[in-house]
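What follows is a short report on a single structure.
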Amino acid sequence: MEERGSPDGDPARNLEQGPEGPETPIQVVLRVRPMSAAELRRGEQSVLHCSGTRTLQVSPPGGAPDVAFRFGAVLDGASTQDDVFRACGVRRLGELALRGFSCTVLTFGQTGSGKTYTLTGPPPQGEGLPVPPGLAGIVQRTFTWLLDRVQHLDVPVTLQASYLEIYNEQVRDLLSLGAPRPLPVRWNKTRGFYVEQLRVVEFGSLGALMELLQMGLSRRRSSAHTLNQASSRSHALLTLYISHQTQMPPVDPGEPPAGGKLCFVDLAGSEKVAATGSRGELMLEANSINRSLLALGHCLSLLLDPQRKQSHIPFRDSKLTKLLADSLGGHGVTLMVACVSPSAQCLPETLSTLRYASRAQRVTTRPQAPRSPKAKPPQHLETELLQLQEENHHLRSQLGQMDPKASGLSGARVAWAQRNLYGMLQEFMLENERLRKEKRQLQSSRDLAHGEQRILAQQVRELERRLLSACYLQQPGPGPAPPCPCVMVPPLLCHMFSSKAPADGPPSARPPPWAPPCCPSSAKCSRERSHSEWAQTQVLAEMLTEEKVIPSAPPLPVGPLNTSPVLRGGAAVPNLARRLEALRDQIGTSLRRGRSQPPPP
Ligand code: ADP
Ligand code: MG
């Protein structure tokens, strides 16, 4: 015989006295549903027997040994709804929620094992018909107790509720004004995991709360199933928020108030698709239910690990584990009601539920009240707070008047952003204009440089032409000698436009810039010039300069070898060289200027 026990010896004491130590185990209560009419018709015998108030004996058919499980409380099929409510110690959980703790009651078990029945009673017998009081579940009984309790408190309390379901891994608001639409689950440091844009409704009476419950129940997904005629196909989370009016209001208007919480979780049942024969949508739903229950089981196993502080708990694996993260491994106080069927046909599932529940009751949380409701702020702080709230209200209304679209805090933010964006836009426009002007100026100076460059190039070509013809004039013999083979541009210009001066030989040995081309074919290159040659040189000088050249001295008939005749008589050719030098500089400058300009678009 196997016996699994509660870790602290007396779970009932724990439930009744509330969290005392830093670590509080999850409390588990087991409920065995009675035999259904169909099961009785088949003549089935129950395989589950209660032994005392806390032990369950499982007697498998076929002579296999009995197995025993121990829980905080065990309730057999004869137990009433009121017995369950009392045994679960939900009132104590309510007290803790009033003190600011976050408390959770969750039902767990196979499809058709009585989870929904335990929480909210039998399925509605007709549209809008409430559950008879005797069959009301833990939820309705807690509502009645809480509203009665609140009336007897010294401090006024605000009560709010939200109701959601997780269907096929989508969170849907069961209290939404329109049709339920998927809502995102977010996380932040202060709130942990929470559902964004979830509708939280304030209620003041039991009647109003019951209406909210009916509304959610009627909108929740359920289907006819082989194991249950009204099988819930989603996990449902109904949360009551209890806040004292002395507590700080939430910063964000969409945020629920700071204070205690009481959450009822009706899990969809696990099922073996092969055994139940679910097809189509039913199978899709069953798979998504099983996946999230598997994620829940995985988190529970890891939470049991003594090294869990170091290990990562994969709460993010499903929406369900995200929303239960605080109840399972955080600062909440949690009660699990495990529901099982007495039928032998369901035994494998029952054993699995019992093992799961045994494991869960070894998981501990560290309950923590976020803020003591009795910790009233000092009088002067309260006055200051009121003044600030008034000022805030006044500023908001002023903002609302300035811009009808912008109201409230988000309106102010929008206005601020618009002002800043507008300012930035203006700055960009001004800078753009300035850059456009600069670009126009640069383009016009580049065009000027191009024009200048063209004129200079023309002048150079003209000078080259004249130099060439002057060279031919200097050739001896009847016909013109073939042009200098070095280039069509005479060597004079080669020297002028080359970036480097010829490096061979001393400068005196190099030909002077005005020297006629030294063609290898020309034997006259360095020979002595005659008087007629001098005349030719004069013509050349005149052609190049387009001026009348006046010789500085009468032509010398004979001179020493290698003495240039022009050196002796032509003053205009060095002039020409200077002009060419100047032209070269000008061309270089304008070329450089032209290169530094960006190309026209
Ligand atoms: P689950 O939510 O686990 O799928 P339900 O709560 O819908 O199962 O119960 C399945 C069926 O069994 C329902 O018809 C319900 O009325 C009935 N039932 C469950 N528990 C009890 C109980 N303790 N007493 C009487 N009927 C029950
Ligand atoms: Mg159900």
Side-chain angles (χ1 to χ4, degrees), residues 29-42 44 46 48 50 56 73-88 105-126 129-141 163-167 174 213 216-238 264-273 275-276 278 282 285-286 288-290 292-293 296 320 336-343 345-346 349-350 352-354 356-357:
V29 169
L30 184 80
R31 183 180 202 187
V32 182
R33 103 166 137 70
M35 279 284 187
S36 69
E39 285 159 351
L40 285 173
R41 271 200 303 276
R42 286 200 295 268
E44 282 195 39
S46 172
L48 306 178
C50 294
L56 180 83
V74 175
L75 297 134
D76 62 15
S79 315
T80 63
Q81 293 282 64
D82 195 46
D83 294 338
V84 176
F85 179 67
R86 284 171 192 282
C88 289
V105 181
L106 73 106
T107 50
F108 173 76
Q110 186 191 5
T111 296
S113 59
K115 299 179 297 291
T116 305
Y117 184 93
T118 301
L119 271 188
T120 50
Q125 302 303 307
L129 275 184
V131 175
L135 296 180
I138 291 176
V139 171
Q140 292 96 329
R141 286 165 199 272
Y163 203 177
L164 66 88
E165 70 172 349
I166 305 171
Y167 175 71
L174 293 172
L213 175 69
L217 282 176
S218 63
R219 291 172 92 180
R220 195 181 162 192
R221 288 293 191 118
S222 68
S223 314
H225 193 274
T226 47
L227 293 175
N228 186 353
Q229 275 309 298
S231 171
S232 332
R233 309 308 285 163
S234 64
H235 309 298
L237 279 81
L238 167 67
F264 300 95
V265 185
D266 185 9
L267 293 180
S270 55
E271 78 175 69
K272 281 194 175 131
V273 177
T276 53
S278 295
L282 271 183
E285 291 165 351
S288 125
I289 293 165
N290 288 347
S292 56
L293 290 176
L296 181 64
L320 178 69
M336 178 190 268
V337 185
C339 299
V340 285
S341 153
S343 163
Q345 285 187 355
C346 300
E349 285 286 310
T350 301
S352 148
T353 303
L354 292 170
Y356 209 95

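Reckoned from all heavy atoms, side chains included, excluding hydrogens, waters and symmetry mates. Each ligand, and each atom within it, is numbered from 1 in the order the structure gives.
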Hey, is Q81 one of the residues with a heavy atom under 4.0 angstrom from ligand 1? no
So, is T116 placed with an N/O/S atom under 2.8 Å from the Mg ion (ligand 2), counting both backbone and side chain?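 Looking at T116, which is the residue asked about, there is an N, O or S atom under 2.8 Å from the Mg ion (ligand 2).
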Using a 4.5 Å cut-off on heavy atoms from C-beta on, say whether the side chain of L119 contacts that of L238.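 In short, these two side chains do not touch, never coming nearer than 4.5 Å.
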Would you mind running through ligand 1 and noting each atom that sits below 4.0 Å from a heavy atom of [X]?
| X | answer |
| --- | --- |
| P34 | 21 (C), 22 (C), 23 (N), 24 (N), 25 (C) |
| T116 | 2 (O), 6 (O) |
| Q110 | 3 (O) |

Decide whether an N or O pair under 3.5 Å exists between [X] and ligand 1.
| X | value |
| --- | --- |
| T111 | no |
| T118 | no |
| P123 | no |
| P122 | no |

For A38, side-chain contact (heavy atoms from CB on, under 4.5 Å) partners two or more places apart: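 A38: side-chain contact (heavy atoms from CB on, under 4.5 Å) contacts with S36, R41, R42.
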Partners of Q81 by side-chain contact (heavy atoms from CB on, under 4.5 Å), sequence neighbours excluded? R31, Y117, R141
Yes or no on side chain to side chain contact (heavy atoms under 4.5 Å, CB included) for L30 and L354, after CA distance, side-chain angles and deciding distance? CA-CA 9 Å; L30 184 80; L354 292 170; 3.5 Å; yes
